[in-house]
Asks: 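After the structure tokens below, expect a handful of questions from me.
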2 protein chains.
Amino acid sequence: MNGKRPARVTIKDIAHEAGVSYSTVSRVLNHYEHVNPVKRQRVWSAVTRLGYVVNQQARSLAGGHTRIIGLLVPELGNPYIGEVIRGVDEALASAQYDLLLYTTHRQKTRESTFVKALTHGMAEGLLLLVPTEPQAYAESLCQEEFPYVVIDHQGFDDYSPTVIGKNYEAAVNATRYLIELGHRRIGFIHGLRHLGSAIERFRGYRQTLEAYNIPFAPELVVDGDFLQWPGYLATKQLLEVADPPTAIFASNDLSAFGAMDAVRERGLTIPGDISILGFDDIPQSASVRPGLTTVRQPLAEMGQIAVRMLLSYIENPQHPRERIEVNTPLIIRDSCAPPAPRRKA
Amino acid sequence: MNGKRPARVTIKDIAHEAGVSYSTVSRVLNHYEHVNPVKRQRVWSAVTRLGYVVNQQARSLAGGHTRIIGLLVPELGNPYIGEVIRGVDEALASAQYDLLLYTTHRQKTRESTFVKALTHGMAEGLLLLVPTEPQAYAESLCQEEFPYVVIDHQGFDDYSPTVIGKNYEAAVNATRYLIELGHRRIGFIHGLRHLGSAIERFRGYRQTLEAYNIPFAPELVVDGDFLQWPGYLATKQLLEVADPPTAIFASNDLSAFGAMDAVRERGLTIPGDISILGFDDIPQSASVRPGLTTVRQPLAEMGQIAVRMLLSYIENPQHPRERIEVNTPLIIRDSCAPPAPRRKA
DNA sequence: GCACAACTTGAAAACGTTTGCAAAATAAAT
DNA sequence: ATTTATTTTGCAAACGTTTTCAAGTTGTGC
């Protein structure tokens, strides 16, 4: 640092205080087994007495571990992402790791420079949350044998360890639920077109319609970009359609909120006039009125699982890479109901 | 690391490749002025040719800088916090700093162990977002002369550099706005009682009522804890009052959303029957229907300012510590209107 | 040409750890 | 008592930088 900090307490000070060599101190600190219990005791008490804190820089330079893992997220301020980070953070904290957070703001360049920096010494592992350009570095990560895990990205390759929800299945369930409530005209608010999860959800929606012999109506599919405002606009468009939908399946909760706004603005009620179903189950979805019926992605849990996977790869580089699919159950609240009997025009 | 990584490219390799001593390479990398342009050129080309990336651990160990700053937040998944982090992240990225993120989950122990770790080598500076127990470490930070900035915490001391909104003034403005719309019964949803900002906002509300000779009604003040669900519950309570409020001033947007839910559930309209006013102006507030009239805190900007302050303290330890108050204007949208003519009971 | 300043450079000493190696101490086996 | 294994220790060499120091170079004014 700059303004010369008050002399640090180092391992040597501890050694002196405890009357042992500094290598012994290091061994105690790292929980080596072959060390005299008496000295071990003396070292620990010296440590607390002097308030020693290990210098991570030095430790990692000398070949130890940084106990830092990097997390790459597209943006912040999205509750979906917030939840995942929360899970990551929890799992990491309990494993005594620190979290280096990077935001790409969907800029490709930032993603790759970041990964470069990380893999060169700073972090021991890497978590990628719905990366925009995964191919760009997945390969380099892989060949450098740098531990990483991808969260919520439909496999862009076969070798990347991944934790992901069952997007297709969940979309099938959700659509089926609406159909069995009696809906035939079901609007669909599509997520970001280039994300695999959005595509899978749409696939589930479309194929379920077909399975029930309900004709697919292209005019009932609109873009919501996974955001509230676009979801609102999309829904306004949906409500203009000649034979408007009696239910709307939004690709995520945020766009479902937008849909709610549009429906209400129109003077219609939820679920009386129109049912709305979301995806994610972000915390708000439970506290909004009416409670949003939605597909639950265990976001925080996904973050935790990703951390566990990552740590196991770090500890044991031979550990076989996995792809874990978490369950995504339908959470039934108050925003869906059978369609109202058709009104006169 | 563990699984021996393919031999790193070090400064010595560059030196060899460029035919200079490694001290010279270091000088080039650190933009020293007195170095032969020819050699400088040779070094840079060697750097790109070999794909050299500096080892931050070694750099900082040798007395350089870590280019990491720590950010301590109470939790994630709150859009308010997300916005601040976004600002911090942006400013940091453009200054080429990395962000170490810690979440306390309001556990006191975590706050202090974290600060301890940080100040001992990892980070060059520290950002504290609405800390729960600031006293615990503000003092130690201060006496260690470790650079830090507190965001959005009403001064718990006189010496901590702070960036904060004008909570009192803004609350006065907001309350006055409601009064001038014609409201006399104004409900207040209180924020977390132990946070200075919540207290200030309440003070502004109460004093403005008095200034207008409107009797303060304790039954119109309820707790919302800055969260949506508690805000919802609080509002239900407010609506039960004998002479219910015609407007509600919520201490933040999240609890304002809860209020909206409760009002709607009651079958009332916003702002027709009841006006609602929030605080923060989180992104959602613009996209919710009706648009929420609210006090805007420039959250992202506050994050950026905090970073700028922090970096200037890091660069120049003599830099006088400041307390910066940002403006918090009232953003008028659609959730407030004059009170409806009183109905019959 | 000379003295002196300013610019360039390389060698070497930190920075605070971990860890391989070999010596010392202890325990176990003969 | 002597050898042989096993623990337990300290020394010293990394790890990859920055930075001080002093030596070498070049340039300037006389």
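Residue numbers start from 1 in every chain, and the chains themselves are labelled A, B, ... in the order their sequence lines are given, proteins ahead of strands. No hydrogens, no waters, no symmetry mates; every other heavy atom, side chains included, goes into these values.
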Asks: Which listed nucleotide (D/dT19, C/dT18, D/dT18) is nearest to the side chain of B/R59?
Replies: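 When the side chain of B/R59 is considered, D/dT18 is the closest of D/dT19, C/dT18, D/dT18.
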Asks: Quick one: which of C/dG16, D/dT17, D/dG10 gets closest to the side chain of A/K39?
Replies: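 It is D/dG10.
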Asks: May I ask you to evaluate whether B/T24 reaches the phosphate of C/dT9, defined as a side-chain N or O under 4.0 Å from OP1 or OP2?
Replies: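 No, because none of the side-chain N or O atoms of B/T24 sits under 4.0 Å from OP1 or OP2 of C/dT9.
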Asks: Take atom CD of B/E33 and atom P of C/dT9, then tell me their distance rounded to the nearest Å.
Replies: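 In whole Å, C/dT9 P and B/E33 CD are 13 Å from each other.
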Asks: Looking at C/dT18, D/dT17, D/dT7, which one has an atom nearest to any side-chain atom of B/A58?
Replies: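 Taking heavy atoms from C-beta onward, the closest nucleotide is D/dT17.
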Asks: Before giving the answer on side chain to side chain contact (heavy atoms under 4.5 Å, CB included), spell out for A/E17 and A/L50 the whole-Å C-alpha distance, their side-chain angles and the decisive distance to 0.1 Å.
Replies: CA-CA 9 Å; A/E17 177 86 4; A/L50 272 53; 3.8 Å; yes
Asks: Given side chain to side chain contact (heavy atoms under 4.5 Å, CB included), test A/V25 with A/Y52 step by step and report yes or no.
Replies: CA-CA 11 Å; A/V25 175; A/Y52 168 81; over 6 Å; no
Asks: Using whole Å, what does the distance between atom P of nucleotide D/dG16 and atom CD of B/Q56 come to?
Replies: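 Going from B/Q56 (CD) to D/dG16 (P), I get 14 Å.
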Asks: Heavy atoms from C-beta onward define the side chain here; which of C/dT9, C/dG16, D/dG10 lies closest to that of B/R27?
Replies: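 Closest nucleotide among those given: C/dT9.
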Asks: So which nucleotide from C/dT9, D/dT17, C/dT19 ends up closest to the side chain of B/I11?
Replies: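 Closest nucleotide among those given: D/dT17.
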Asks: Below 4.0 angstrom from OP1 or OP2 of D/dT18, is there any side-chain N or O of B/N30?
Replies: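 Yes, because at least one side-chain N or O of B/N30 sits under 4.0 Å from OP1 or OP2 of D/dT18.
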Asks: Nearest whole Å is fine: how far is D/dT18 C1' from A/L61 CG?
Replies: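 Whole-Å distance recorded here is 12 Å.
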Asks: CD of B/Q57 versus P of C/dT17: gap in Å, rounded?
Replies: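 In whole Å, C/dT17 P and B/Q57 CD are 14 Å from each other.
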Asks: Identify whether any heavy atom of A/S26 sits under 4.0 Å from a base atom; if not, whether one sits that close to sugar-phosphate; answer base, sugar-phosphate or nothing.
Replies: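 A/S26: base contact, heavy atoms under 4.0 Å.
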Asks: Hey, which of B/E322, B/H319, B/R321 is the one that makes side chain to side chain donor-acceptor pair (under 3.5 Å) with B/Y313?
Replies: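 Exactly one candidate clears the test, B/E322.
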Asks: By nearest atom, which of the nucleotides D/dC15, C/dG10, C/dG20 is closest to the A/A62 side chain?
Replies: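 Closest nucleotide among those given: D/dC15.
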Asks: Could you give the NZ-to-C1' distance, from A/K12 to D/dC11, as a whole number of Å?
Replies: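 These atoms are roughly 11 Å apart.
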Asks: Going by distance alone, is a donor N or O of one side chain under 3.5 Å from an acceptor N or O of the other, for B/Y148 and B/S160?
Replies: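 B/Y148 vs B/S160: donor-acceptor pair found between side chains.
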Asks: Out of B/N316, B/L310, B/L311, which one pairs with B/P147 under the side-chain contact (heavy atoms from CB on, under 4.5 Å) rule?
Replies: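 Running side-chain contact (heavy atoms from CB on, under 4.5 Å) over B/N316, B/L310, B/L311 with B/P147 returns exactly one hit, B/L310.
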Asks: Between B/Y97 and B/V307, is the side chain to side chain contact (heavy atoms under 4.5 Å, CB included) condition met? List the steps.
Replies: CA-CA 10 Å; B/Y97 271 75; B/V307 167; over 6 Å; no
Asks: Taking the minimum atom-to-atom distance to the side chain of B/N36, which one of C/dT8, C/dG16, D/dC11 wins?
Replies: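 The listed nucleotide nearest to B/N36's side chain is C/dT8.
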Asks: In this structure, how many angstroms lie between the C1' atom of C/dG16 and the CD1 atom of A/I14, rounded?
Replies: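 Checked: the CD1 to C1' distance equals 12 Å.
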Asks: Between C/dG16, D/dC11, D/dG16, spot the one nearest the side chain of B/T10, thanks.
Replies: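 The nucleotide sitting nearest to the side chain is D/dG16.
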Asks: Would you mind reading off the distance between A/N55 atom CG and C/dC15 atom P, rounded to a whole angstrom?
Replies: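 Taking atom P of C/dC15 as the reference, CG of A/N55 is at 12 Å.
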Asks: Rounded to whole angstroms, how far apart are NE2 on B/H31 and P on D/dT18?
Replies: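 It works out to 11 Å between those atoms.
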Asks: Where each residue is assigned the nucleotide of DNA chain C containing its nearest heavy atom, which of B/V20 and A/V25 is assigned the position nearer the 5′ end?
Replies: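 Result of the comparison: B/V20.
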Asks: Look at the side chain of B/Y22 against the base of C/dA11 and say whether a donor-acceptor pair falls under 3.5 Å; ignore hydrogens and angles.
Replies: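 Answer no: no donor N or O sits under 3.5 Å from an acceptor.
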